[in-house]
Amino acid sequence: MSAAIEILAGLAILAGSFVVGTAALGLLRLRDPFLRMHAATKAGVVGSGLIVIGAALAIGGAAALVLGVLCVVFLLVTSPIASHALGRAAYVSGAPIAPETFADALGGILPRNVFDIAPGRTTRSRNPGDAASALPLISSGVHVMTALESSRAFESPTAAAAPLRSMTVWLPGGDCQDAAIRTAIALADANGAKLVGLSALDSTAGERAEMVPVGGLAWSKWLGDRARLAQRERSALALAAFETHTRNARGDVTLRHAEGPLDRVLAHAAGNDLIVVPAFVDHAGRNAHDAEELAAKFSARGAGPVLRVSRPVDTVRRVVLPVSVGDASARAVQTLIRTGLWRDAAIGVVPVGAPTDELALTVARHVELLGAHGFRAAETPAIDPDADRDSIEPLLARADACVAAGLIGRRGAFDVFRLDPVEFAAARVSLFLLP
Amino acid sequence: MTFLTLALGIAFVTLGLATGAVAWRLFRGPSTADRAIATDMLGLLAICFAAAFAAATGVRAYLDVAFGVALIAFLAAVSFGVLLERASLRPRGRE
């Protein structure tokens, strides 16, 4: 083998392994099955093709070269077919689409199932009344048809119009639980969405991770037992409330129970279009505020759109959307568009901070984008965080709902003197939508 | 043979790391579609391993192995896709 061919083979193998490594990294890090497949199939074919060519060159001889070229041609022909089949299956099975993807080009063309990460865990399904159970398939968004006739037969406008197809309402107990359940049921009924009541217990509550003094172990265990007992009582009350409220619900309502640390329990709610969470509680059902709240933690873990409810609202008329320069407010706007909530409400896009050109441009873009998606959005007078508190409060206090990227906004150096509109809204506004 | 040996060494390490990443995705999910995609990618990695091994040992039979794995990986991916699609189109909760 000549040196040139050897170097060529080495270069091909190096390039191929680089591409394969990149593809694996994409499979690991990208955010939804479709993006992952984009990385895996395209890059994977180029990578393995290059390695096979390199190997054929290294071995040398006509037979090896023919076999290598044949292998590459075969990969090029079959890979699009395989990835098409997998992508179609992922779409039909309702795999979640990352929020960065705006358009769903297949919406209304292929049937799309309600995503359920663990169908075996559903404890029971209830269809109250005979009249209601005649139409359960349409109301739950599950469409039955064979793959062949799907492209023509799928013209049901209800499924295409409703952006909310599956919802979870979290049942940790607490003062706002009743409001959360009522809001979730009203939304599920309006959208024909499948509703799951998830009663999640923190089995690690009260356990102390740090060292305990001598003789303190029994005391720590006793405290943990007490905490779990109180939590079970709150949870039982919440379950009873859910049972009472869903007795007359029309749609597909199920109940699940899970115990464990927050991350593990949160996996049960993955892929939902909306998670409804009562305000001011943490995972163990205790009172909590700001970053300790369930809603803030879900949002920080990227669990999907979270609706935090503190009081029930019949009709949402006024929505505020505090906008500051940066990615955060853009994420809030995307979430609002994706969930399709409050289309009939007046959405006030509130500039926060000093009036700069960048802020004005951001606000104008958000208003335009919301308007293009059919929302009634308008710019409102700006809020200056350093200004007088009394003049700002009326702007926010009248709102029924607020959309923001987090429960805690950006604080200045002296947060004693500044009014953070997001925190202000988190304490007072009844409905709070988080990405 | 030095440059090719070096390239093969780097390639084997990269492929090993890639296999780890793909295996993690296969284990973690979260959805069935993710696992199917990871399985498909594992097939591609097997092709790469067989080809790199062929280059390292100089035995042409390993290239035949790569070709065979490519064939089987294609069939597996297509049948996974069809299976997943059928399974999710079945009405749930009334079996």
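Just so it is clear: chains get the letters A, B, ... in the order the sequence lines come, proteins before strands, and each one is counted from 1.
- Proximity to chain B is limited to the backbone of A:Leu30, based on heavy atoms less than 4.5 angstrom apart.
- Heavy atoms of B:Leu15 lying under 4.5 Å from chain A belong exclusively to its side chain.
- Residues A:Val77 and B:Phe74 form no side-chain contact, since every pair of their non-hydrogen atoms from C-beta on lies 4.5 Å or further apart.
- When all heavy atoms of A:Ala55 and B:Ala51 are compared, the pair lying nearest together is CB-O, 3.1 Å.
- Nearest heavy atoms, A:Leu86 versus B:Ala77: CD2-O, 3.8 Å.
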- Item | Residues A:Ile59, B:Tyr62; criterion side-chain contact (heavy atoms from CB on, under 4.5 Å); working and verdict | CA-CA 11 Å; A:Ile59 292 169; B:Tyr62 288 118; over 6 Å; no
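- Taking B:Val13, B:Leu17, B:Leu75, B:Val78 one by one and counting their heavy-atom pairs under 4.5 Å with chain A, the maximum is reached by B:Val78.
- For chain A, the nearby part of B:Val59 is the backbone; its heavy atoms alone come within less than 4.5 Å.
- With respect to chain B, the highest number of heavy-atom pairs below 4.5 Å among A:Leu67, A:Ile81, A:Leu25 belongs to A:Leu67.
- Only the side chain of B:Leu45 comes within contact range of chain A, with heavy atoms under 4.5 Å apart.
- Scanning all heavy atoms of the two residues, the minimum distance from B:Trp24 to A:Leu28 falls at CE3-CD1, 3.5 Å.
- A:Phe18 meets the ring-ring contact (aromatic ring centres under 6.0 Å, His included) test with no other residue; sequence neighbours excluded.
- Expressed to the nearest 0.5 Å, how far CE of A:Met37 lies from CE of B:Met41 amounts to 13.0 Å.
- Using a 4.5 Å heavy-atom cutoff, the side chains of B:Leu44 and A:Val20 are not in contact.
- Heavy-atom distances place the side chain of A:Leu75, and not its backbone, under 4.5 Å from chain B.
- To the nearest 0.5 angstrom, B:Leu8 atom CG is 9.0 Å from A:Ile51 atom CD1.
- Shown here for B:Ala33 and A:Ala90, the closest heavy-atom pair between the two residues is CB-CB, 3.5 Å.
- Contacts of A:Ala12 with chain B are absent, with no heavy-atom separation under 4.5 Å from either backbone or side chain.
- Taking each heavy atom of A:Gly10 and B:Ala7 in turn, the nearest pair found is O-CB, 3.5 Å.
- For the atom pair CG of A:Leu14 and CG of B:Leu6, the computed distance is 7.0 Å after rounding to the nearest 0.5 Å.
- Heavy atoms from other residues, nucleotides or ligands lying under 6.0 Å from CZ of A:Phe74 number more than 12.
- Neither the backbone nor the side chain of A:Ile53 comes within contact range of chain B, judged by heavy atoms closer than 4.5 Å.
- Annotation for A:Arg29 and B:Arg25: closest pair N-NH2, 4.4 Å, computed over non-hydrogen atoms.
- With rounding to the nearest 0.5 angstrom, the CZ atom of B:Phe49 is 12.5 Å from the OG atom of A:Ser48.
- Checking B:Asp34, B:Ile37, B:Asp40 one by one against A:Leu27, the side chain to side chain contact (heavy atoms under 4.5 Å, CB included) holds for a single residue, B:Ile37.
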- Can you list the steps and then say if B:Leu4 with A:Ile13 is a side-chain contact (heavy atoms from CB on, under 4.5 Å)? CA-CA 9 Å; B:Leu4 186 59; A:Ile13 287 176; 4.3 Å; yes
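- The environment of B:Phe67 atom CZ is dense: over 12 non-hydrogen atoms of other residues, nucleotides or ligands sit within 6.0 angstrom.
- Heavy atoms of A:Leu70 lying under 4.5 Å from chain B belong to its backbone as well as its side chain.
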